[in-house]
Amino acid sequence: MSKVENFIQRLGKVRGRNGSWTAQCPAHEDKSPSLSVREAEDGRVLVHCFGGCDVHSVLGAVGMDMNDLFPELDERLDHNQVSKPLKPAFYASDLLRIASFECLVVMIAAYDMRRGKKLSEEDLNRLETAQQRIEEVIQYANV
Ligand SMILES: [Zn+2]
């Protein structure tokens, strides 16, 4: 089993293939899958939570750390490279999957508001999360 497979099998609602997945983030209460996992061509594993969790929290929540994904980091890279953050890159299909779910949340809220229904505190909080995620998807999509 590869390092990334070992990580993926600890997550819920995993979807995807060919080195690119979305799943439930283990580091926060995640009803819709907001975790993106991608295995780069050079073997690096890029982990990103669209709910805002940092990679250490995500790995910690499943009992792993960076060494479990990058066992050879110190030997492979010099220290200048290690200090550089990995630039996340995502497949359009991952971004679309996340964005389409969040758009659905916004659409339901818009439908209720148009019909004069007052949104609950919980609905408003969920709407704020959707807004943040859509903003972040736009940022990563470079549009
Ligand atoms: Zn998270």
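For reference, positions follow the sequence shown, starting with 1.
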Do [X] and [Y] land in one hydrophobic cluster if side-chain heavy atoms of ILVMFWY residues count as linked below 4.5 Å?
X    : Y    : answer
V137 : V105 : no
V4   : V62  : yes
M107 : I138 : no
L119 : I108 : no
L127 : F101 : no

Side-chain heavy-atom pair [X], [Y] within 4.5 angstrom cut-off:
X    : Y    : result
E136 : C49  : no
V37  : S20  : no
P26  : V58  : yes
Q24  : S34  : no
M64  : R10  : yes
F50  : T129 : no

Practice prompt. Would you check if the side chain of K117 reaches a backbone N or O of Y111 as a donor-acceptor pair within less than 3.5 Å?
Written response: no
Worksheet item: Distance from C103 atom SG to I98 atom CD1, nearest 0.5 Å?
Response: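 Answer for the SG-CD1 pair, C103 versus I98, is 12.0 Å.
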Worksheet item: CH2/W21 to CG/L35 distance, rounded to the nearest 0.5 angstrom?
Response: 11.5 Å
Item to complete: Tell me, please, which residues at least two apart from R133 pass salt bridge (Lys or Arg N to Asp or Glu O under 4.0 Å).
Response: D30, E102
Worksheet item: Residues in side-chain contact (heavy atoms from CB on, under 4.5 Å) with S120, at least two apart?
Response: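 Testing S120 for side-chain contact (heavy atoms from CB on, under 4.5 Å), a comparison that skips the adjacent residues, returns E122, D123.
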Response to the item:
Members sharing L96's hydrophobic cluster, built from side-chain contacts under 4.5 Å between Ile, Leu, Val, Met, Phe, Trp and Tyr, are none
Worksheet item: Side chains of R15 and T22: do they bring a donor and an acceptor to under 3.5 Å?
Response: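 No donor-acceptor contact under 3.5 Å links the two side chains.
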Practice prompt. Would you indicate whether Q9, at its atom CD, is surrounded by more than 12 heavy atoms from other residues, nucleotides or ligands within a distance under 6.0 Å?
Written response: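 For Q9, atom CD is crowded (more than 12 foreign heavy atoms under 6.0 Å).
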